[in-house]
Number of protein chains: 2
Amino acid sequence: MVSRPSLETATASDPDHFVEPLELGKRVKEIRLTKGWTLEEVSKRTGIARSTLSKIENDQVSPSFAIVQKLIGGLGMDLPQLFVEAQEHSMAGRRDITRSGEGEPHPTATYEHELLSYSISRKKMVPFKTIVRARNFSEFKEWVRHDGEEFLLVLSGSVVFYSEFYEPVELNEGDSVYYDATMGHIVVSLSPEDAQILWVVAR
Amino acid sequence: MVSRPSLETATASDPDHFVEPLELGKRVKEIRLTKGWTLEEVSKRTGIARSTLSKIENDQVSPSFAIVQKLIGGLGMDLPQLFVEAQEHSMAGRRDITRSGEGEPHPTATYEHELLSYSISRKKMVPFKTIVRARNFSEFKEWVRHDGEEFLLVLSGSVVFYSEFYEPVELNEGDSVYYDATMGHIVVSLSPEDAQILWVVAR
DNA sequence: CAATAGAGTTTATTTTAGTAAACTTGTGAA
DNA sequence: TTCACAAGTTTACTAAAATAAACTCTATTG
């Protein structure tokens, strides 16, 4: 049994806040062992006492930030790594084909979206083909805006690309634009037939 | 003057370890003010004493990890955000148009790349059009592989998409594939004329 | 222009983290 | 075996963080 209440008490006595969401100790130990280091070696590298390292690894203390900093320096990793790493990247060795016209349809009043490779969930990019039904800026109630960056390529027809901080610009087949999606943006067809575009969003 | 030596001493007396690389306090205060909260409100949300919050914001203490956890929960953010965020997103309100055929050319033996929107440097995605000159798998010395995820759309012609863990697959105009780019991948033209594809990479 | 209250800081104290040193456990050489 | 010692844990203590309460500073209102 642990001789001190420390962490257990800290979280248990505070019901409306979640329990340690990541096992810092386990993680640190993992990294240390991967590199084949002893506590003594890490101690020398980080300047943290051997005993302290032991306690951290066994979750007997909640290390101060200063200590975490040293730890990061000594283990040669950046901070996010320490925490993020746990979640494996979901794409590992994966591939997902979407045949022409067989994406997941998402129609709206102004755009007719076809979501590509919808079977993979947590990916970095979301690609979709869109048929632009809208002909007028006024068909939109307000600017479209969302997190992330967006790439647009005109596949067929021609469009006008409106954006919050720039003049409207005409884009024809093969033209592309890359922009900050938090800036308001709207696309309308200019050609007789509805234009088709490819959109790729990344957060 | 600060009544306790705490942080200053901790770092200064330990020459071979860097000084607090991120201004945690400044950052926390920033977030709090953005949300228009008082210390008291954050205190209620996080269960951390008002006085402690004040000290953290003024870098008078190096908060323990347990406290940082609570803070994150209460401010409604995930851990990496706390640290990473500092680096401004370079795209803020920006837009970059590339006209058809006017991208930055990058020819190789097997692929003829045309880098789109090359004027923006640190963006999340790198889009480029590629004319696939290669006709045979054997023209490549080894698998192409790199960090990140990749989206491929066939713009014209048809290709065969080879990948390390899957059978080769034929892709025709309009077909697309989304895959883990760390998995070896190679594309060759199948149609009489060289196929043209769009590639978008995200790290 | 006091009086009151809200927001933040500092003080004094308690609690917890951090450390050196003692202890335990496991392992390999003599 | 037993000795030596390397790796890790626990103990006893010191240093620092966390807290409640007192205090300062501004702004507002009767």
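The figures that follow rest on heavy atoms only: side chains count, while hydrogens, waters and symmetry mates do not.
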#### Entry: D/dT19 OP1/OP2 closer than 4.0 Å to side-chain N/O of B/Thr52
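For B/Thr52, the contact criterion (side-chain N or O under 4.0 Å from OP1 or OP2 of D/dT19) is met.
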
### Message
Would you say B/Arg50 places a side-chain N or O within less than 4.0 Å of OP1 or OP2 belonging to D/dC23?
### Response
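Looking at the OP1 and OP2 atoms of D/dC23, neither is under 4.0 Å from any side-chain N or O of B/Arg50.
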
#### Entry: Lys/Arg-Asp/Glu bridge criterion (N-O < 4.0 Å) met for B/Glu41, B/Arg32
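Looking at B/Arg32 together with B/Glu41, the answer is no, because their closest N to O distance does not fall below 4.0 Å.
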
### Task
Answer yes or no: is there an ion pair linking A/Asp180 with B/Arg94, defined by an N-O contact shorter than 4.0 Å?
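Here A/Asp180 does not pair with B/Arg94 in a salt bridge, since their nearest N and O are not under 4.0 Å apart.
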
### Query
Closest nucleotide of DNA chain D for B/Ile48 versus for A/Glu41: which of these residues is on the 5' side?
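By nearest-heavy-atom nucleotide position, the 5'-most residue is A/Glu41.
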
[X], nearest nucleotide to its side chain (from [options]):
X	options	result
B/Gln60	C/dT10, C/dG8, D/dG8	C/dT10
A/Asn58	D/dT9, D/dA22, D/dT19	D/dT9
A/Thr38	C/dG8, D/dA17, D/dG8	D/dG8
A/Lys55	D/dT9, C/dA12, C/dT19	C/dT19

When the side chains of residues 153-165 of chain A are checked against the rest of the protein, which donor-acceptor pairs come out under 3.5 Å, sequence neighbours left out?
from     : atom 1 : to       : atom 2 : distance (Å)
A/Glu164 : OE1    : A/Arg145 : NH1    : 3.0
A/Glu164 : OE1    : A/Arg145 : NH2    : 3.3
A/Glu164 : OE1    : A/Gly184 : N      : 2.8
A/Glu164 : OE2    : A/Arg145 : NH2    : 2.9

Rounded interatomic separation in angstrom, taking [atom1] from [X] and [atom2] from [N]:
X	N	atom1	atom2	value
B/Trp37	C/dG6	CH2	C1'	19 Å
B/Lys70	D/dT19	NZ	C1'	11 Å
B/Leu71	D/dA17	CG	C1'	14 Å

### Message
Once you apply a heavy-atom cut-off of 4.0 Å, does B/Leu53 come out as touching a base, just sugar-phosphate, or nothing?
### Response
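No contact.
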
### Message
For a quick check of understanding: with a heavy-atom distance under 4.0 Å over all strands, which category does B/Ser64 fall into, base, sugar-phosphate or nothing?
### Response
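B/Ser64: backbone/sugar contact only, no base atoms under 4.0 Å.
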
#### Entry: Side-chain donor/acceptor of A/Ser51 to base of C/dA20, under 3.5 Å
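Present.
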
### Query
According to the salt bridge (charged side-chain N to carboxylate O under 4.0 Å, His left out) rule, which pairs have a member within residues 194-203 of chain A, sequence neighbours left out?
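Sorted result for residues 194-203 of chain A: A/Arg133-A/Asp194, A/Arg135-A/Asp194, A/Asp147-A/Arg203.
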
